[in-house]
Amino acid sequence: MTRMTGAQITLETLQREGVDTIFGYPGGVVLPLYDTLPQFPGIKHVLVRHEQGAAHMADGYARASGRMGVCLGTSGPGATNLVTGIATSWMDSTPVFALTGNVARTLLGKDGFQEADITGITHSITKHNYLVMNPSEIAMSIREAAHICRTGRPGPVLVDIPKDVFQESTDFDWPEQVSLRGYKPTMEGHPGMIRRAAELIDQAKRPLVISGHGIMWSDAHHELLDLAEKANIPVITTFLGIGGFPESHDLSYGWLGMHGMYYANMAADAADVIIGVGMRFDDRAMGRFKDFNPTAKIIHIDIDPAEIGKNFPTAVPIVGDAKHVLRELVGRVQERKHPDWIRWIDQQREEHPSLHIRESRRMLPQYVVRTLYEETNGNATIVTGVGQHQMFAGQHYFYNRPRQLITSGGLGTMGFELPAAIGAQIACPDQETWAICGDGSFQMTLQEMAVLIDQQLPIKMAIFNNGYLGMIRQWQQLFYERNYSSSGLSQPDFCKLADAYGIRAIRVEHKSEVEPAIREARLHKGPILLDFQIDQEENVWPMVPAGAALSETIEAPAEELMR
Ligand SMILES: Cc1ncc(C[n+]2csc(CCOP(=O)(O)OP(=O)(O)O)c2C)c(N)n1
Ligand SMILES: [Mg+2]
């Protein structure tokens with residue numbers, strides 16, 4: 001046993017848990033920790049410019065690599081600045097570990113300077129959180145939190161440590177075992193349920209897989225491919241499920257939902273057996289619940305029992321890890337062919353192609369994304385903000401590997417793109433990483449450009465500059481009689497701004513400049529910003545209007561195709 005301070009135990013435990021990077025920002029109560037950091041050269045500290053950035057960076061790190069991402073903030077405002085990022089991670093089930101300092105134990109509950117009850121505040125957006133009142137409990141609390149964070153359905157955790165607990169010394173004893181009564185995620189699916197699911201799949205005439213984000217976290221993409229190929233089942237994904245099944249595969253029919261492909265929505269509405277795997281039948285994906293495909297029998301595979309039957313009645317619930325359950329299912333289902341069903345979906349796709357980009361002299365955002373796809377040979381990691389550009393990035397780039405599209409789905413957090421791209425690039429330094437930024441979204445976290453220089457990250461930022469909060473403008477155009485109330489926004493000169501940070505930038509004003517600019521950006525060794533002055537009033541189609549059913553998916557109106 002060695003004598004150590006709470007700060008040393010904190011870092012020692014994180015290091016033993018495999019943590020190599022902390023995204024953080026200092027403050028009074030975490031100074032003991034910062035003072036200790038140089039003793040741990042195995043842990044790199046990335047100094048952010050706002051704690052929201054730290055939480056998104058940890059999240060991007062986690063989504064890109066599958067490993068737990070760690071962020072750190074001081075008490076009070078440092079901790080509350082993390083909240084949006086923690087909520088983002090919570091809604092998308094990503095393993096983010098948030099570490100915060102708090103005021104000294106004697107001041108807790110006394111409205112001490114910079115005190116916030118961060119465990120109370122994050123109670124409903126963490127899988128679990130801890131306020132550690134004794135240095136001897138630090139190691140076990142961190143180990144338990146890390147275990148909860150990355151096992152089962154992943155999700156954020158928070159560990160809050162008062163300043164004097166960091167400072168106090170104690171005998172350090174490494175807890176070998178982590179065992180939590182009441183927390184034992186079910187990995188193996190129930191054999192009887194798997195048998196019933198296999199029977200249902202064998203009997204299905206129009207089977208369909210809807211695969212979600214869980215495929216990435218369970219590393220189940222090979223098993224998914226095996227199931228689809230053996231039983232000849234078409235696959236659509238959710239928005240966060242993009243990349244879990246290769247979009248170039250014959251059985252891939254894109255993704256469903258509010259801005260999903262027409263044929264994917266129709267397939268979901270026409271299927272007789274739906275195998276939902278690692279997804280949660282979310283309202284943006286499924287449209288109006290009441291009128292979603294009433295005849296389909298649903299097999300729902302999810303590691304979180306709370307998801308089963310939450311939004312739809314389930315014919316066969318299977319609680320378990322997607323990889324295990326799919327492997328069992330592949331062994332049980334019969335080889336089948338569904339030529340009529342597949343022909344029907346193919347015909348939907350021919351009649352309603354959804355992803356066709358019309359000829360236009362304007363710089364259409366779809367064209368920018370497609371050109372990026374072609375120039376990068378479909379290999380880049382794409383990280384997006386929230387809005388129209390996010391939907392175009394999902395639609396017009398094609399993804400063939402898991403973790404290739406990194407985006408805030410459940411919370412829809414504007415400002416996610418730049419910090420999440422930073423986390424992704426640090427986790428996977430060899431990946432070509434593009435941040436597809438909205439001009440509005442980017443302005444929420446653009447201060448993190450400083451980190452690109454500090455850390456010398458070759459991230460390519462593509463601003464989709466339409467002068468609008470485009471998704472808001474689209475809704476106002478369609479549902480509020482073009483009353484563009486507060487959706488036009490003024491811009492700084494993004495190129496000058498990049499220049500002020502020491503980052504190279506190119507303004508792209510004409511369609512003919514798109515391809516050369518992307519080529520130049522790729523050749524440039526460091527970070528670069530491309531300011532694409534895209535068409536201002538392009539809309540995202542297809543669309544399921546809010547509150548409508550998937551069967552009511554609308555395609556681009558003819559007059560818009562003339563623009
Ligand atoms: C933090 C936050 N505030 C507000 C919203 C609501 N919202 C959704 S999309 C959007 C517009 C995004 O504008 P921009 O980043 O320019 O993207 P565009 O739609 O123009 O591509 C807004 C305001 C949000 N999703 N997140
Ligand atoms: Mg915009």
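Counting starts at 1 for both ligands and their atoms, in listed order.
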> What protein heavy atom sits nearest atom 15 (O) of ligand 1, and how far off is it?
Replying inline: Ser441 N, 2.7 Å
> Does the side chain of Gln491 come under 3.5 Å of the side chain of Gln443 through a donor N or O and an acceptor N or O?
Replying inline: yes
> Do NZ/NE/NH1/NH2 and the carboxylate oxygens of Glu515 and Arg519 come within less than 4.0 Å?
Replying inline: yes
>> Heavy atoms only, cut-off 4.0 Å: how does Phe464 contact ligand 1, side chain, backbone, both, or neither?
In response: neither
> What atoms of ligand 1 come closer than 4.0 angstrom to any heavy atom of Gln388?
Replying inline: 18 (P), 19 (O), 21 (O)
> When you measure from atom 22 (C) of ligand 1 to each heavy atom in Gln390, Met471, Met414, which option holds the nearest one?
Replying inline: Met414
> Considering distance alone, does some N or O of Gly440 sit under 3.5 Å from an N or O of ligand 1?
Replying inline: yes
> Can you tell me if Gln388 has an N, O or S atom under 2.8 Å away from the Mg ion (ligand 2)?
Replying inline: no
> Got an N/O contact under 3.5 Å between Leu469 and ligand 1?
Replying inline: no
>> Between Glu432 and Lys460, does any NZ, NE, NH1 or NH2 come within less than 4.0 Å of an OD or OE carboxylate oxygen?
In response: no
>> Does any N or O of ligand 1 fall below 3.5 Å from an N or O anywhere on Leu489, backbone included?
In response: no
> Can you tell which of Met444, Gln474, His389 gets a heavy atom nearest to atom 1 (C) of ligand 1?
Replying inline: Met444
> Tell me: protein heavy atom nearest atom 20 (O) of ligand 1, and distance?
Replying inline: Gly470 N, 2.7 Å
> Between Thr413 and ligand 1, is there a nitrogen or oxygen pair with a distance under 3.5 Å?
Replying inline: no
>> Can you confirm whether the side chains of Gln366 and Glu538 place a donor and an acceptor under 3.5 Å from each other?
In response: yes
> If you count the atoms of ligand 1 from 1 in the order shown, which ones are under 4.0 Å from a heavy atom of Ile472?
Replying inline: 7 (N), 10 (C), 11 (C), 22 (C), 23 (C)
> If we ignore angles and hydrogens, is there a donor and acceptor under 3.5 Å between the side chains of Ser89 and Thr94?
Replying inline: yes
> Is ligand 1 under 4.0 Å from a heavy atom in the side chain of Val386, in the backbone, in both, or in neither?
Replying inline: both
>> Considering non-hydrogen atoms of the protein only, which is the closest contact for atom 16 (O) of ligand 1, and what is the distance?
In response: Asp439 OD1, 2.6 Å
> By atom name, which N, O or S atom belonging to Asp439 lies closest to the Mg ion (ligand 2)?
Replying inline: OD1
>> For Gly412, state whether at least one heavy atom is located under 4.0 Å from any atom of ligand 1.
In response: yes
> By number and element, which atoms of ligand 1 are closer than 4.0 Å to a non-hydrogen atom of Gly387?
Replying inline: 9 (S), 19 (O)
> Going by atom types alone, do Asn102 and Asp160 pair a side-chain donor with an acceptor below 3.5 Å?
Replying inline: yes
> Strictly under 2.8 Å, is any N, O or S atom of Asn466 next to the Mg ion (ligand 2)?
Replying inline: yes
> Any ion pair linking Asp535 and Arg563 (charged N to carboxylate O, less than 4.0 Å)?
Replying inline: yes
> For residues Gln52 and Thr84, is any side-chain donor paired with an opposing acceptor at under 3.5 Å?
Replying inline: no
>> Quick check with a 6.0 Å cut-off and a 45 degree axis cone: is Lys310 positioned over the face of Phe281's six-membered ring?
In response: no
> Any side-chain donor paired with an acceptor under 3.5 Å for Thr376 and Tyr397?
Replying inline: yes
> Are a donor atom and an acceptor atom from the side chains of Thr407 and Gln390 found within less than 3.5 Å of each other?
Replying inline: yes
